[in-house]
K.L.:
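First the structure, then my questions, so here it is.
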Amino acid sequence: MRWENYTSPSEKFRNERVFDGCGITGFINIDGTLTKGDKIIEMLEILHDRENGLGAGFAAYGIYPQYKDFYALHFLFDNDQIRLNTEDFLSSKGVVVFSEPIPTKQPSNVDKPPIVWRMFYEPKEMKSLSQDEQMVQLVMEVNEKIEGAFIMSSGKNMGVFKGNGWSHEIAEYYKIKDYEAYMWLGHSRFPTNTPGWWGGAHPFNLLGTSVVHNGEITSYGTNMRYLESFGYKCTLFTDTEVIAYLFDLLVRRHKLPIPIVSLALAPPLFSEIESMDKKYQLALKNIRATYRSAMLNGPFSIVVGQNGHIPTLIGLTDRKKLRPLIAAISEDENTIYLSSEEASFKRLMLDSSKSFKFKEIWHPRSGTAVVARLGEGLIRNGLELPFENLQLSVMGV
Amino acid sequence: MSLSHIFPTYFKIEIDRDLCKKCKRCTNHCSYGALSFNGERIVAEDDKCVACQRCVTMCPGKAIRVVRNESYLPPHGNYTRRIRNIIWAQSGNGGVLLSATGNDRPIRSIFDDLLLDACQVTNPAIDPLRETIETKVFFGRRPNKLDFSMDEGDPSKVSLKTEFYPHFEIDMPIMVGHMSLGSISYNACMAIYQASKELNILAGSGEGGLHPDFYEYGPNIISEVASGRFGVDINYLHNVAGLEIKIGQGAKPGHGGHLPGEKVNTLISQTRMIPKGSDALSPYPHHDIYSIEDLAQLIAALKEATRYKVPVGVKIAAVHNSAPIAVGIVRGGADFLTLDGFRGGTGAAPRIIRDHAGIPIELAIASVDQRLRDEGLRDEITLVAGGSIRYSADLIKAIALGADVGMCCLPVLIAMGCRMCQQCFRGLCSWGIATQNEYLVKRLDIDVARNRIINLFHSWNEELKEVLGAMGIDSVESLRSNRDRLRYIGPNPRIAEILGVKHAGE
């Protein structure tokens, strides 16, 4: 592991965007059963060629049931004084209900380890802003303005654990095996042009949305400038950040259903749209027209976890599928898996002590979302045409 | 004029007497009276020559060359020949000098100082011959968000409740700028409209009204409502893709239209609804628009007149204060905004304005796009930008800086045969483009001109796809405002700052 650059990239590499080739994984238990962290570690570690020891991370949903009504803030601090200052700052804007270090297995030979910390927080009631909106502003403010502090995640009953090292090192450092979650995301990283920094590892998070991403967004400038006009500040020097914010914007603020979000981010080609029924054409063309700046271009596969209204696991690739994504469902149909490679699933089957079996393993279509929701199951398998199995009604049609 | 004030000409006509067959074709083709036959031989008057190259092209014996007049004036680095010519001309005629086309001063082009990014290793480039790359764009106003909802009990039920503003699609992010019937000929207009329909791009009507023959091309025409209101009637408003209130033009910010009476023949008089032979000088301001709220009223009136079925936009010249003006226009209800840079073209404009007023379109796009974003308005409207988009590279850079659609005129004229002699205001265009003289207009073959315009924009669009593919982008929507894919290599880092573009190497 690299014991430096916790809350910002090194001075030398600021303003440079990080391009990655990566391993991404995730799964959700539909009935909400909690699964220990070793499963996601196994799924991730096997994608060894997709990482080079410069960053890994996990997102776990359902880990703080005792504080589920408060925003769980996961922090990286450069030193304890900054931690105290940040806590003071937050106390001025709300109530820090509980504050403690995140348990880690800290090697003894490191002089200046990061302070990894969690706080459970409730912002003050405000008439003009919802609590979610206040938290978005607070996260932006802390990450942008408090030098030496970085908020890794800010959702309720969930948390992100990430750092600069191999996935097995990060897992061990944060004691991932000790957490139990109904939904997990994992990411291992192969950045190409900077040594990376802890905050710059994946997953990227805002409120309940966490994103792990493999690829490079060639539309970054367009997406970033679009998000800025809605008040988001893209400060993390990586294109994955824009994906997390786009999900926040489209799902939480614009309240678009997930299948529609995927059609905005990776829309069908005009030539495909024009072969469809009028009603679908009208909907799809207006999605493209309205969300033209939200469209993600360039190679990507992403796994997204959300716990806003109904906790949801989402997998999506670019519309040419220039990055891999594969999906699986367990034999009991209770768990939906996503990964960069089938090896993640094969690895689980190799475990003779557990006898994992999959009902089906499949390749989702390019630009088509896999969506699994807590309590409901697999609602989109990623093989459908845009409105297949959906009943669309359009006003006036 | 006294002898001392006859100044040397720019051009010299050379006739190879061995090759000249004395067929006199050149004398018919020269519309500027520079060539005549004296009974024995062809006589050339250099001072009348504008180097339009018509005689050179038409001479069957290839006997004519128009060359630079090498006559050498006493050199002076400050009082250039150009400045001296201006002074000689003005002291001869005592008037405001007219000019045409765009600003011809050798001011550094910012487009030329921008470089494009391309993919290597970490993202795959896309080959437009093998994969789809989309260049379709939507034109008009869009909602800020869509109102989709999913049924609480049944996630398979999705409904869309947004009301949409009028908007339409074009197949390339290209618009032929506003050149009126009057400034250019019937044949030139017809070629442009036919090409625009064929390509499904847009063409501007200019402020000269719309001849009934052009109504069938209406779905590809943005018709202009300018301060003179020439040709504005209900047919003109209804039968088009969009309406544009012209406040200003890049070549002459702060000025109205100038159509010299020489060009106002029967056809133009009917279309513009003005007397034959009268100068068509549209007022500098709209006399019903003295402030932004008046503009908002005109926008509302045009929308009302067209029953909210036609997008209404506003064109302004790029000036220092364009960004806040643009915000006012968008808040005033415009569905699209057209920016015209200081190098933009004209059929006739006072030289002093053409050469010295306005700002470069590159800077105007950047500051308007940014300001609209700061105010959360950018994505609701279409931004059209022109004013020296010379070829596809300029178009691509304009889009990356923030324009939805690039607008251009001169490349279209050049494609049809224009040699840029810059005499459009005289109505003598020997190529049949910027003239109303029937004898000259007939020289422009509509079919040939149309096909050349189609070829030109087809090649621009293919080059756009090549660049998008090299950038790993498969739809032009993802290039717009993507300044991250531009780098600056010019001498002035402050320009890069205003453009929001990093320096090359960063």
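Each chain gets a letter, A, B and so on, in the order the sequences are listed, and its residues count up from 1. In what follows, every heavy atom counts, from backbone to side chain, and hydrogens, waters and symmetry copies are set aside. Quantities reported herein were computed from a predicted structural model and do not represent experimental measurements.
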K.L.:
Which region of B:Leu479, side chain (C-beta onward) or backbone (N, CA, C, O), has a non-hydrogen atom less than 4.5 Å from a non-hydrogen atom of chain A, or is it both or neither?
P.N.:
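It is the backbone, since no side chain atom gets that close.
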
K.L.:
Where does B:Phe138 contact chain A at under 4.5 Å (heavy atoms): side chain, backbone, both or neither?
P.N.:
side chain

K.L.:
Taking side chain as everything from C-beta outward and backbone as N, CA, C, O, which of these in A:Leu392 sits under 4.5 Å from a heavy atom of chain B? Side chain, backbone, both or neither.
P.N.:
both

K.L.:
Looking at NZ of A:Lys320 and CD1 of B:Ile133, how far apart are the two atoms once the value is rounded to the nearest 0.5 Å?
P.N.:
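That separation rounds to 6.5 Å.
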
K.L.:
Tell me which of these, A:Arg288, A:Lys255, A:Arg253, has more heavy-atom pairs under 4.5 Å with chain B than the rest.
P.N.:
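Among the listed options, the one with the most contacts to chain B is A:Arg288.
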
K.L.:
Using a cut-off of under 4.5 Å for heavy-atom pairs, which of A:Val394, A:Ile260, A:Leu282 has the most such pairs with chain B?
P.N.:
A:Ile260

K.L.:
Where on A:Phe300 is there a heavy atom nearer than 4.5 Å to chain B: the side chain, the backbone, both, or neither?
P.N.:
neither

K.L.:
So does A:Ser229 get a backbone contact from the side chain of B:Arg373, meaning a donor-acceptor N/O pair under 3.5 Å?
P.N.:
no

K.L.:
Do B:Ser156 and A:Asn389 come within less than 4.5 Å of each other through their side chains, counting heavy atoms only?
P.N.:
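No. Closest side-chain heavy atoms not under 4.5 Å.
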
K.L.:
Minimum heavy-atom separation for B:Thr122 and A:Arg323, please, with both atom names.
P.N.:
O-NH2, 2.7 Å

K.L.:
Heavy-atom cut-off 4.5 Å, strictly under: side chain, backbone, both or neither for A:Pro259 against chain B?
P.N.:
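Side chain only.
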
K.L.:
If I compare all heavy atoms of A:Asn297 with all of B:Gly472, which pair ends up nearest, and what's the gap?
P.N.:
OD1-O, 3.7 Å

K.L.:
Select one option (side chain, backbone, both, neither) describing which atoms of A:Arg380 are under 4.5 Å from chain B's heavy atoms.
P.N.:
neither

K.L.:
By a 4.5 Å heavy-atom criterion (distance strictly below it), what part of B:Asn144 contacts chain A: side chain, backbone, both, or neither?
P.N.:
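Contact with chain A is through both the backbone and side chain of B:Asn144.
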
K.L.:
Salt bridge (charged side-chain N to carboxylate O under 4.0 Å, His left out) between B:Glu131 and A:Arg319: does it pass, once the steps are laid out?
P.N.:
CA-CA 11 Å; B:Glu131 307 258 6; A:Arg319 55 190 193 154; over 6 Å; no

K.L.:
First locate atom OG1 of A:Thr218, then atom CG of B:Asp117, and finally report the distance between them rounded to the nearest 0.5 Å.
P.N.:
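Result: 9.5 Å between the selected atoms.
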
K.L.:
Would you say the side-chain atoms of B:Asn482 pair up with the backbone N or O of A:Gly221, donor to acceptor, closer than 3.5 Å?
P.N.:
yes

K.L.:
Heavy-atom cut-off 4.5 Å, strictly under: side chain, backbone, both or neither for A:Phe230 against chain B?
P.N.:
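A:Phe230 touches chain B through side-chain heavy atoms alone.
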
K.L.:
Decide yes or no on salt bridge (charged side-chain N to carboxylate O under 4.0 Å, His left out) for B:Glu169 and A:Lys285, but give the supporting numbers first.
P.N.:
CA-CA 10 Å; B:Glu169 301 155 30; A:Lys285 285 190 173 176; 2.8 Å; yes

K.L.:
Do A:Met224 and B:Asp484 come close enough that some side-chain heavy atom pair is under 4.5 Å?
P.N.:
no

K.L.:
Could you measure the distance from the OG atom of A:Ser293 to the CD atom of B:Glu477? Nearest 0.5 Å is fine.
P.N.:
8.5 Å

K.L.:
How far apart are the closest heavy atoms of A:Pro257 and B:Ser149, and which atoms are they?
P.N.:
CG-C, 4.1 Å

K.L.:
Select one option (side chain, backbone, both, neither) describing which atoms of A:Leu269 are under 4.5 Å from chain B's heavy atoms.
P.N.:
both

K.L.:
Output the residues of residues 399-407 of chain B for which the shortest heavy-atom distance to chain A is under 4.5 Å, in residue-number order; output 'none' if no such residue exists.
P.N.:
B:Asp404

K.L.:
Between B:Arg142 and chain A, which part of the residue has a heavy atom less than 4.5 Å away: side chain, backbone, both or neither?
P.N.:
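When you check distances to chain A, only side chain atoms of B:Arg142 fall under 4.5 Å.
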
K.L.:
Less than 4.5 Å to any heavy atom of chain A: does that hold for the side chain of B:Asp374, its backbone, both, or neither?
P.N.:
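For B:Asp374, no heavy atom lies under 4.5 Å from chain A.
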
K.L.:
Tell me, do B:Asp474 and A:Met295 make a side-chain contact under 4.5 Å, heavy atoms counted?
P.N.:
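Contact flag for B:Asp474/A:Met295 side chains = yes.
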
K.L.:
Between B:Glu375, B:Lys145, B:Met150, which has the largest tally of heavy atom pairs under 4.5 Å with chain A?
P.N.:
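Highest number of heavy-atom pairs under 4.5 Å: B:Lys145.
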
K.L.:
Output the option from A:Ala289, A:Gly298, A:Ala294 having the highest count of non-hydrogen pairs under 4.5 Å with chain B.
P.N.:
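The residue among A:Ala289, A:Gly298, A:Ala294 with the greatest pair count is A:Ala289.
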
K.L.:
Do other residues, nucleotides or ligands put more than 12 heavy atoms under 6.0 Å from B:His458 NE2?
P.N.:
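Count not over threshold, so no.
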
K.L.:
Measuring from A:Leu390:CG to B:Lys157:NZ, what's the distance to the nearest 0.5 Å?
P.N.:
12.0 Å

K.L.:
Given 3.5 Å as the limit, does a donor-acceptor pair link the side chain of A:Arg292 with the main chain of B:Asp379, or not?
P.N.:
yes

K.L.:
Which is it for B:Arg378 and A:Glu228 under the salt bridge (charged side-chain N to carboxylate O under 4.0 Å, His left out) test, yes or no, and what are the steps along the way?
P.N.:
CA-CA 11 Å; B:Arg378 175 63 187 92; A:Glu228 281 176 352; over 6 Å; no

K.L.:
Between A:Asn286, A:Asp318, A:Leu322, A:Leu250, who has the most heavy-atom pairs with chain B when the cutoff is under 4.5 Å?
P.N.:
A:Asn286

K.L.:
With a 6.0 Å cut-off (strictly less than), is the heavy-atom count around CD of B:Glu163, excluding the residue itself, greater than 12?
P.N.:
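Atom CD in B:Glu163 is not crowded, with 12 or fewer foreign heavy atoms closer than 6.0 Å.
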
K.L.:
Measure the spacing between CZ of A:Arg225 and CD of B:Gln370 and express it to the nearest 0.5 Å.
P.N.:
4.5 Å

K.L.:
State whether the number of non-hydrogen atoms from other residues, nucleotides or ligands found under 6.0 Å of B:Glu506 atom CD is greater than 12.
P.N.:
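For B:Glu506, atom CD is crowded (more than 12 foreign heavy atoms under 6.0 Å).
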
K.L.:
Looking at chain B, which one of A:Ala264, A:Pro267, A:Gly231, A:Pro299 has the largest number of heavy-atom pairs inside 4.5 Å, strictly under?
P.N.:
A:Pro299

K.L.:
Quick one: OH on A:Tyr226 to OG on B:Ser481, what's the gap to the nearest 0.5 Å?
P.N.:
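So the gap between those two atoms works out to 12.5 Å.
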
K.L.:
So for A:Ile287, is it side chain, backbone, both, or neither that comes closer than 4.5 Å to the heavy atoms of chain B?
P.N.:
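Backbone plus side chain of A:Ile287, per the 4.5 Å heavy-atom cut-off to chain B.
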
K.L.:
Count the heavy atoms belonging to other residues, nucleotides or ligands that lie under 6.0 Å from CG of A:Asp49, then report whether that count exceeds 12.
P.N.:
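Counting neighbours around CG of A:Asp49, 12 or fewer heavy atoms of other residues, nucleotides or ligands fall under 6.0 Å, so no.
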
